[in-house]
Amino acid sequence: MVGPGPGGGAPLENANPLIYRRSGERPVTAREEDDELPDIIDDREIFDLIRSINDPEHPLTLEELNVVEQVRVKVNDAESTVTVEFTPTIPHCSMATLIGLSIKVKLIRSLPERFKLDVHITPGTHVSEHAVNKQLADKERVAAALENSHLLEVVNQCLSARS
């Protein structure tokens with residue numbers, strides 16, 4: 001079933017997505033409060049950064065749609081690597097590149113420059129996963145996309161807090 005899109009525009013590809021329960025807030029540990037110890041970035045910290053990104057089609061977050069899950073986030077602070085797998089709600093989701101770009105931009109804006117980011121579609125969950133992953137891995141393509149003022153505005157809407 002396809003319904004009207006946001007604001008009555010184009011039809012939604014997935015008009016009735018499954019909605020998942022949000023996980024609880026992360027408890028602050030004594031180690032994190034100790035200013036004498038270095039702050040190590042871990043999987044949960046990255047998940048907390050991306051879980052509230054807004055879906056471009058629905059008034060829901062990526063966590064509520066199960067597009068991002070903590071188990072699909074891997075961080076190696078010592079090697080400065082972050083890997084995020086995301087799962088589009090349907091195998092032919094046309095918003096997959098925009099979702100991946102939003103995740104990547106959120107991490108670029110939030111993490112120290114030392115981190116190498118790998119944002120990609122969960123294997124086997126999208127018909128164009130290879131093409132989308134290739135775009136997301138290409139630094140020049142990502143930079144060019146962010147020079148497009150309309151696309152940047154859409155990404156910023158995905159990253160903004162919903163009221």
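In this text the structure is predicted, and so the values were computed from the model without any measurement. Worth knowing before you read on, the calculation uses all heavy atoms, side chains too, and leaves out hydrogens, waters and symmetry mates.
Between Ser110 and Lys106 the shortest heavy-atom distance is OG-O, 2.7 Å. Nearest heavy-atom pair, Asn133 versus Ile121, reported as atom, atom and distance to 0.1 Å: OD1-N, 2.8 Å. Smallest separation of non-hydrogen atoms from Ser52 and Leu49: OG-O, 4.5 Å. The nearest pair of heavy atoms linking His120 to Thr83 is CE1-CG2, 3.5 Å. Across all non-hydrogen atoms, the minimal contact from Val82 to Phe115 is CG2-CD2, 3.6 Å. Minimum heavy-atom separation, Ile41 to Pro112: CD1-CD, 4.1 Å.
Using a 4.5 Å heavy-atom cutoff, the side chains of Gln157 and Pro56 are not in contact. In this structure, the side chains of Asn66 and Thr87 stay at 4.5 Å or more apart for every pair of heavy atoms. Residues Arg109 and Leu159 are in side-chain contact: their nearest non-hydrogen atoms beyond the backbone lie under 4.5 Å apart. You'll find the side chain of Leu111 reaches within 4.5 Å of the side chain of Ile46, heavy atoms only. Looking at Pro88 and Met95, their side chains never come closer than 4.5 Å, going by heavy atoms from C-beta outward. Using a 4.5 Å cut-off on side-chain heavy atoms (C-beta onward), Asp138 and Lys134 make no contact.
Atom CD in Glu63 sits 9.5 Å away from atom CD in Gln70 (nearest 0.5 Å). How far CD of Glu45 is from CD1 of Ile50: 12.0 Å, rounded to the nearest 0.5 Å. Considering CD1 of Ile108 and CG of Leu117, their distance stands at 6.0 Å, rounded to 0.5 Å.
Between Asp48 and Arg44 there is a salt bridge, since at least one side-chain N of the basic residue sits less than 4.0 Å from a carboxylate O of the acidic one. Between Lys74 and Asp42 there is no salt bridge, since no side-chain N of the basic residue sits under 4.0 Å from a carboxylate O of the acidic one.
Shown are Thr89, Leu62, Ile53; of these, the side-chain contact (heavy atoms from CB on, under 4.5 Å) with Ile99 is made only by Leu62. Screening Val75, Leu107, Asp118, Thr122 against Val84 for a side-chain contact (heavy atoms from CB on, under 4.5 Å) leaves a single residue, Leu107. Residue Leu151 forms a side-chain contact (heavy atoms from CB on, under 4.5 Å) with just one option from Leu98, Asn156, Leu146, Thr97, and that option is Leu98.
Listed for the His126 side chain is a donor-acceptor partner under 3.5 Å among the backbone atoms of Ser128. Judged by distance alone, with hydrogens and angles left aside, the side-chain atoms of Gln135 form no donor-acceptor pair with the main-chain N or O of Val132 at under 3.5 Å.
A continuous path of ILVMFWY side-chain contacts below 4.5 Å connects Leu136 to Leu152, so both sit in one hydrophobic cluster.
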For Val68 and Val73, run side chain to side chain contact (heavy atoms under 4.5 Å, CB included): C-alpha distance rounded to whole Å, both residues' side-chain angles, the deciding distance at 0.1 Å, then the answer.
CA-CA 8 Å; Val68 295; Val73 175; 6.0 Å; no
Test log, rule salt bridge (Lys or Arg N to Asp or Glu O under 4.0 Å), inputs Arg72 and Asp43
CA-CA 9 Å; Arg72 300 203 180 284; Asp43 300 356; over 6 Å; no
